[in-house]
Number of protein chains: 2
Amino acid sequence: MPTRDGASLQERIVALIHERGLAPESPMPTEVQLMELLGTSRNSVREAVRALQALGIVEIRHGHGTFVGHASLEALTPSFAFRVRSGAGGIRALNDLVEVRELLETGLIGQVAQSTSAPRLAALEALANGMDRDREADRAFHALLYDSCGNELVLQLIGLFWDVYHEVEPTLGPPEERTAEIAVNHRRIVAALRARDPEAAREAMRLHFRDVKARIARAEARPEPART
Amino acid sequence: MPTRDGASLQERIVALIHERGLAPESPMPTEVQLMELLGTSRNSVREAVRALQALGIVEIRHGHGTFVGHASLEALTPSFAFRVRSGAGGIRALNDLVEVRELLETGLIGQVAQSTSAPRLAALEALANGMDRDREADRAFHALLYDSCGNELVLQLIGLFWDVYHEVEPTLGPPEERTAEIAVNHRRIVAALRARDPEAAREAMRLHFRDVKARIARAEARPEPART
DNA sequence: CATCCACAGGACGTAGGACGTCCTTCGCTG
DNA sequence: CAGCGAAGGACGTCCTACGTCCTGTGGATG
């Protein structure tokens with residue numbers, strides 16, 4: 001079977017990766033080799049590869065070569081960020097995004113409460129206390145929370161949503177006393193975990209997201225915050 | 001401020017969409033216009049636009065023009081499908097994906113149980129009964145379930161995960177009596193909704209996903225199912 | 001002999017031009 | 001007035017040439 005030409009170039013390149021059983025980080029054929037393999041011009045090859053790069057399926061290193069990617073959700077950040085920035089429906093989309101994170105985190109926090117080790121609790125507490133100074137601590141906190149669940153997709157989704165939210169967060173207006181709220185909420189979560197109380201942890205998580213959504217609602221109430 | 005050249009072409013095009021306040025479906029500048037606006041060659045413009053198309057940020061219609069896209073998650077299907085097809089970790093990734101769907105659906109089904117109208121229930125039941133004949137009925141069932149939640153992102157995520165799962169489902173081996181199981185599980189869910197019993201609905205949903213995950217586990221146990 | 005540097009080569013990045021294909025529109029024709 | 005064909009706009013593909021980045025090699029140097 002030579003190659004049905006019905007499939008798009010993109011699909012044929014992906015098929016090629018699977019046929020050869022190439023693992024992430026493996027080198028892909030050269031652009032010139034792909035030209036010959038697929039019987040097209042370098043231009044078409046490059047466009048297809050660029051599309052695959054945008055999806056995280058391949059990784060391009062200038063001067064070095066093209067490699068199979070990890071299809072990490074990180075690559076998809078621009079798509080989600082775009083959706084959330086879209087004028088009118090943007091705030092709505094942002095709220096949807098936070099609600100999904102709430103669903104994931106309140107769903108998982110129960111099992112986390114039953115299985116978190118003492119050293120991990122200490123690390124979580126340290127992060128919760130450092131949030132005033134370092135905003136990244138918030139991201140690390142949520143990542144560490146679900147690190148033990150063994151679900152890579154959840155970790156990446158939560159990280160993705162965090163990134164997208166904080167990318168547009170400045171446009172939501174002044175933070176008010178939010179930074180204080182955040183630390184309090186996170187300390188409450190840690191306390192519930194320390195008590196190994198799943199229901200209390202879930203409730204603490206709900207409170208946290210209630211505050212986040214309240215901030216979004218305040219932003220929605222105010223007039224269009226002026227475009228860049 | 002003319003345009004800082006530090007940003008990638010992609011980012012500059014996205015910025016241009018936001019600056020002009022272009023809504024989805026609006027026509028984008030022509031490739032030639034973008035060349036002039038961004039001061040690059042048509043080749044570079046096309047590559048950047050192709051990347052944005054892969055992310056669903058723009059939509060290209062041959063012979064007609066380029067338009068602002070909806071950044072629908074549908075465009076991201078190839079990325080998720082790739083991740084799930086990746087040889088060794090593929091089954092693991094598929095399981096992660098189903099678990100995320102479980103988190104979302106069990107988290108939402110409670111509020112659905114309290115708010116689903118009679119006609120909607122009838123429609124759900126019809127779909128549940130039609131699953132033996134039409135596999136799409138399953139997809140429609142889950143979409144209709146959460147349609148009333150007002151969260152577009154959840155709908156798209158569940159649809160995306162459904163698509164990805166069913167794209168690789170054939171490789172999981174023979175379906176056994178699964179089709180029967182599916183209908184039973186879904187009828188149980190409808191019954192719980194009809195009784196307006198959130199906890200029963202959640203439990204029925206858990207059972208459904210228990211079966212799905214069991215199928216994945218059986219596939220993981222068997223040897224590599226031979227590549228295409 | 002070990003080290004450092006210049007250079008050649010491979011691979012991706014950008015540019016410009018030419019032609020093909022698809023779609024729409026307008027004007028001509030019957 | 002209806003139908004059809006030509007023209008033009010916009011994306012698709014191809015080709016060629018040159019620039020930039022990285023690596024490995026080989027010679028000059030201490």
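Proteins come first, then strands; the chains are lettered A, B, ... in the order of their sequence lines, and each starts at number 1.
We find that CZ of A:Arg61 is positioned 18 Å from C1' of D:dT20, with the value rounded to whole Å. Distance, A:Met35 CE to D:dC14 P: 9 Å, rounded to whole Å. If you take CZ of B:Phe67 and P of C:dC22, they are 17 Å apart, rounded to a whole angstrom. A:Arg46 places its CZ atom 8 Å from the C1' atom of C:dT14, with the value rounded to the nearest Å. Taking atom CD of B:Glu59 as the reference point, atom P of D:dG12 lies 12 Å away to the nearest angstrom. Atom NE2 of A:His64 is separated from atom C1' of C:dG10 by 11 Å (rounded to the nearest Å). Atom P of nucleotide C:dG17 and atom CZ of B:Arg42 are separated by 12 Å, given to the nearest angstrom. When rounded to the nearest whole Å, the span between CG of A:Leu38 and C1' of D:dC14 equals 15 Å.
With rounding to the nearest 0.5 Å, the separation of CD1 in B:Ile13 from OG1 in B:Thr66 is 9.5 Å.
Taking the ring centre of B:Tyr165 as origin, the terminal cationic atom of B:Arg101 falls outside the region bounded by 6.0 Å and 45° from the ring axis.
Nearest nucleotide to the B:Thr66 side chain, out of C:dA11, D:dC11, C:dA15: D:dC11. With C:dG16, C:dA18, C:dC12 as the candidates, the nucleotide lying closest to the side chain of B:Ser41 is C:dG16. Considering only side-chain atoms of B:Glu47, the nucleotide from D:dC11, D:dC15, C:dT14 that sits closest is C:dT14. Listed nucleotides: D:dC14, C:dT14, C:dC12. Nearest to the side chain of B:Ser44: C:dT14.
A:His62 comes within 4.0 angstrom of a base, heavy atoms only.
Side chains of B:Arg83 and A:Gln156: a donor-acceptor N/O pair is present below 3.5 angstrom, by distance only.
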Practice prompt. Check step by step if side-chain hydrogen bond (donor to acceptor under 3.5 Å, both in side chains) holds for A:His70 and A:Glu25.
Written response: CA-CA 8 Å; A:His70 295 268; A:Glu25 301 296 328; 2.8 Å; yes

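Comparing A:Gly65 and B:Gly39 by the nucleotide of DNA chain C that holds the closest heavy atom to each, the one mapping nearer the 5' end is A:Gly65. Both B:Asn43 and B:Glu31 lie close to DNA chain D; mapped to their nearest nucleotides by heavy-atom distance, the more 5′-ward contact belongs to B:Glu31.
Of the possible polar contacts, none joining the A:Thr30 side chain to the A:Gln33 backbone as a donor-acceptor pair under 3.5 Å is found.
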